J.: 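Handing you a structure now.
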Amino acid sequence: MASPFPEDEIKALQSSKTIGIIGLGDMGYLYARRFSEAGWKVVGCDREDLFEQTKAKFANDSFEILKNGHYVSRISDYIIYSVEAENILKIVTLYGPSTKYGAIVGGQTSCKEPEIAAFEKVLPSDAQIISLHSLHGPKVSTTGQPLVLINHNGSEENFRFIECLVSCLKSKHVYLTAKEHDRITADTQAVTHAAFLSMGVAWRNININPWVTPRWIGGLENAKMNISLRIFSNKWHVYAGLSLTNPSAHGQVVQYARSTTELFTLIIGKKKEELRSRLYKAKDYVFNNISDHDLLLDDDILQKFSLSKIPPGGRQPNSHLSLIAIVDSWFNLGIVPYDHIICSTPLFRIFLGVTEYLFCTPGLLDECIEAAIEDHSFRHDDLEFTIAARNWSSIISFGNYELYRREFEQTQKFFQPKFAEANVIGNEMITTILERVKEREKAGRLH
Ligand SMILES: NC(=O)C1=CN([C@@H]2O[C@H](COP(=O)(O)OP(=O)(O)OC[C@H]3O[C@@H](n4cnc5c(N)ncnc54)[C@H](OP(=O)(O)O)[C@@H]3O)[C@@H](O)[C@H]2O)C=CC1
Ligand SMILES: O=C(O)C(=O)Cc1ccc(O)cc1
């Protein structure tokens, strides 16, 4: 299919427009590199006190490093703020007044209402706001991943320019308002991260490396470990910013902790029938249209993404508290996760894939309920998981960045030696599930 953004049109824009990027961390660098490689004139800056180091760091790249955001803003036709979400207002306040007359401004932060509020508060009235959010981390290929475009008040012509610019990423453009974006990402990202953050903290607190423990064998366990380590290998502020700045996220994370606690209470009270009827009700709501022939993932596919040196064995029964709690939360919050798949991150798709597998493979949910009630070997893990989920929910709903950082970094240190390996395996897993999602979309089986 021919690109909707013809080469001639792109070339004409490239000869007249300058792209400015404030914040050359992981995402800012990704954009600066890709845009400049595609032929755009790109200028960028990082923190002014690191100017010399930044110049040296990017000496071999074909974009220009300027001293600070004033220099970037003065000459750029599109300015992208790619900085920590917590500091967006402070940084826009600093450089916003230097915005070139008539320029377009956007940001890459993960929560859009505060970002756009900062732009509206500070930018000169001639500036137009068109914002972006790549729904993936810096280490995965941009091709085919969702890229949200928010045309807050840009003209048609300017919006077309931004679409031409980002077309080199080959991502899938998703058009939303800031409000829609924040609502969806609260449902998808914030609660996904809460689950995997809680797993990591629980493993750390019981001092376990799950990949050397025979209790965690099999595809579902591989997915849990890979994703948890992937999150902890990233920067704490990315996850803190995403959930703390998004008020819709607080309720989701609190519900996840509540579901975890209530399900764990049923487990230790040996209330098998109550647990079963609660989970089946949630299953009917969330997985209403899903047949077992049509799953995003299965245990066999996930077997090969193992961090363990233990030879792949069969799946072990497990209470899967982290997975049953997410389905219970979705049910209680009235969320059908498939509605959000066009705007989902790789981690969310994997989380959905493994829960779908657990709930929709014949016999598996019953096996899980049986294990939860009868097998006590997971009780300690489940207790630690429940405590961790409650703790993250308090940190997030109180908006405490410092506590968030402390908890995150302690766990990061614990898993550090395994990150390189987890990243390679995690990338393969992400590619596999993206292909499965595409197949399902092609067959018209996803919303
Ligand atoms: N990483 C991810 O997976 C994704 C992140 N995002 C969002 O994108 C944004 C950037 O994330 P990411 O690139 O990962 O984070 P990074 O920490 O890697 O990048 C942010 C950069 O901005 C710099 N910075 C801070 N203050 C200023 C300033 N006054 N002027 C210029 N630069 C400054 C930081 O420097 P210093 O570190 O020294 O403070 C840092 O280099 C965040 O809002 C994040 O939530 C969105 C999608 C995915
Ligand atoms: O896929 C995920 O959830 C990630 O962890 C990567 C990520 C982090 C922050 C974003 O705003 C978007 C993607």
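Just so we're clear, the structure is a prediction, and the values are computed from it rather than from any experiment. Every number for a ligand or one of its atoms is a count from 1 in the order of the listing. Along the sequence shown, residues carry numbers from 1.
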J.: Applying a 4.0 Å heavy-atom criterion (strictly less than), which segment of Ile91 is in contact with ligand 1: side chain, backbone, both, or neither?
T.: side chain
J.: Have a look at His237, Arg230, Glu86, Glu84 and point out the one with the heavy atom closest to atom 17 (O) of ligand 1.
T.: His237
J.: Can you name the atoms of ligand 1, numbered from 1 with element, that are less than 4.0 Å from a heavy atom of His136?
T.: 47 (C), 48 (C)
J.: Looking only at N/O atoms, are Met27 and ligand 1 under 3.5 Å apart anywhere?
T.: yes
J.: Distance under 4.0 Å to a non-hydrogen atom of Gly137: what atoms of ligand 1 satisfy this?
T.: 3 (O)
J.: Under a 4.0 Å heavy-atom limit, does Asn234 contact ligand 1 with its side chain, its backbone, both, or neither?
T.: side chain
J.: Could you check Asp46 against Thr54 for side-chain hydrogen bond (donor to acceptor under 3.5 Å, both in side chains), going step by step and ending with a plain yes or no?
T.: CA-CA 7 Å; Asp46 206 84; Thr54 307; 4.9 Å; no
J.: Would you please name every residue forming a ring pair (Phe, Tyr, Trp, His ring centres under 6.0 Å) with Tyr78, sequence neighbours left out?
T.: none
J.: Is Gly241 in contact with ligand 1, taking contact as a heavy-atom separation below 4.0 Å?
T.: no
J.: Is there side-chain contact between Asn87 and His237, with heavy atoms separated by less than 4.5 Å?
T.: no
J.: Over all heavy atoms of both residues, which pair between Val148 and Cys343 is shortest? Give the atoms and the distance, please.
T.: CG2-SG, 3.9 Å
J.: Of all the heavy-atom pairs spanning Gly20 and Ser76, show the shortest one and how long it is.
T.: CA-OG, 3.2 Å
J.: What do you reckon, does Val238 have a nitrogen or oxygen under 3.5 Å from a nitrogen or oxygen of ligand 1?
T.: no
J.: List by chain and number: which residues place a heavy atom under 4.0 Å from ligand 2?
T.: Ser110, His133, Ser134, His136, Gly137, Gln189, His193, Val238, Tyr239, Leu242, Thr345, Pro346, Leu347
J.: Under 6.0 Å between ring centres, would you say that holds for Phe63 and Phe35?
T.: no
J.: Under a heavy-atom criterion of less than 4.0 Å, does Gly69 contact ligand 1?
T.: no
J.: Quick test: of every protein heavy atom, which one is nearest to atom 7 (C) of ligand 1, and how far off is it to 0.1 Å?
T.: Gln108 O, 3.3 Å
J.: Could you find the nearest protein heavy atom to atom 45 (O) of ligand 1 and give me its residue, atom name and distance?
T.: Ser110 OG, 3.0 Å
J.: Under 6.0 Å between the ring centres of Phe232 and Phe414?
T.: no
J.: Relative to the ring of Phe408, is the ring of Tyr404 parallel (under 30°), tilted (30 to 60°) or perpendicular (over 60°)?
T.: parallel
J.: Go through ligand 1 atom by atom and flag the ones less than 4.0 Å from a non-hydrogen atom of Ser134.
T.: 47 (C)
J.: Is there a donor-acceptor contact under 3.5 Å linking the side chains of Glu64 and Tyr71?
T.: no
J.: I need the Tyr31 OH to Ile21 CD1 distance, nearest 0.5 Å.
T.: 8.5 Å
J.: Could you find the nearest protein heavy atom to atom 19 (O) of ligand 1 and give me its residue, atom name and distance?
T.: Gly25 CA, 3.2 Å
J.: For ligand 1, find out whether one of its N or O atoms is nearer than 3.5 Å to an N or O atom of Asp46.
T.: yes
J.: Mark up the atoms of ligand 1 that fall under 4.0 Å of a heavy atom belonging to Pro138, in ascending order.
T.: 1 (N), 2 (C), 3 (O)
J.: Any side-chain heavy atom of Ser36 within less than 4.5 Å of one from Asp61?
T.: no
J.: Can you pull the salt bridge (Lys or Arg N to Asp or Glu O under 4.0 Å) pairs that have at least one residue in residues 70-84, sequence neighbours excluded?
T.: Asp77-Lys100
J.: More than 12 heavy atoms of other residues, nucleotides or ligands under 6.0 Å from CZ of Phe398: yes or no?
T.: no
J.: Contact between ligand 1 and Glu48 is defined here as a heavy atom of the residue under 4.0 Å from a ligand atom; is it met?
T.: no
J.: Give me the residue, atom name and distance of the protein heavy atom closest to atom 16 (P) of ligand 1.
T.: Lys235 NZ, 3.5 Å
J.: Tell me the salt bridge (Lys or Arg N to Asp or Glu O under 4.0 Å) pairs involving residues 400-412, sequence neighbours left out?
T.: Arg405-Glu409
J.: Are more than 12 heavy atoms from other residues, nucleotides or ligands located less than 6.0 Å from atom CZ of Arg390?
T.: no
J.: Going by the atom numbers of ligand 1, which of them fall below 4.0 Å from some non-hydrogen atom of Thr109?
T.: 43 (O)
J.: Please state which protein non-hydrogen atom is closest to atom 30 (N) of ligand 1 and give its distance, to 0.1 Å?
T.: Tyr95 OH, 3.5 Å
J.: Using a heavy-atom cut-off of under 4.0 Å, does the side chain or the backbone of Tyr29 touch ligand 1, or both, or neither?
T.: neither
J.: Run the side chain to side chain contact (heavy atoms under 4.5 Å, CB included) check on Phe119 and Ser131 step by step: do they pass?
T.: CA-CA 10 Å; Phe119 292 151; Ser131 224; 4.2 Å; yes
J.: Quick one: does Lys90 get within less than 4.0 Å of ligand 1, heavy atoms only?
T.: no
J.: With respect to atom 38 (O) of ligand 1, which of His133, Arg47, His70 exhibits the smallest heavy-atom separation?
T.: Arg47
J.: Specify the protein heavy atom at minimum distance from atom 43 (O) of ligand 1: its residue, its atom name, and the distance to 0.1 Å.
T.: Val83 O, 2.6 Å
J.: Of the choices Gly23, Ser82, Ala240, which has the non-hydrogen atom that lies closest to atom 20 (C) of ligand 1?
T.: Ser82
J.: Write down the atom of Gly241, the atom of Ala85, and the distance for their closest heavy-atom approach.
T.: CA-CB, 4.0 Å
J.: Less than 4.5 Å apart, any side-chain heavy atom of Thr355 and any of Phe287?
T.: yes
J.: Enumerate the atoms of ligand 1 whose separation from the nearest heavy atom of Ala85 is less than 4.0 angstrom.
T.: 43 (O)
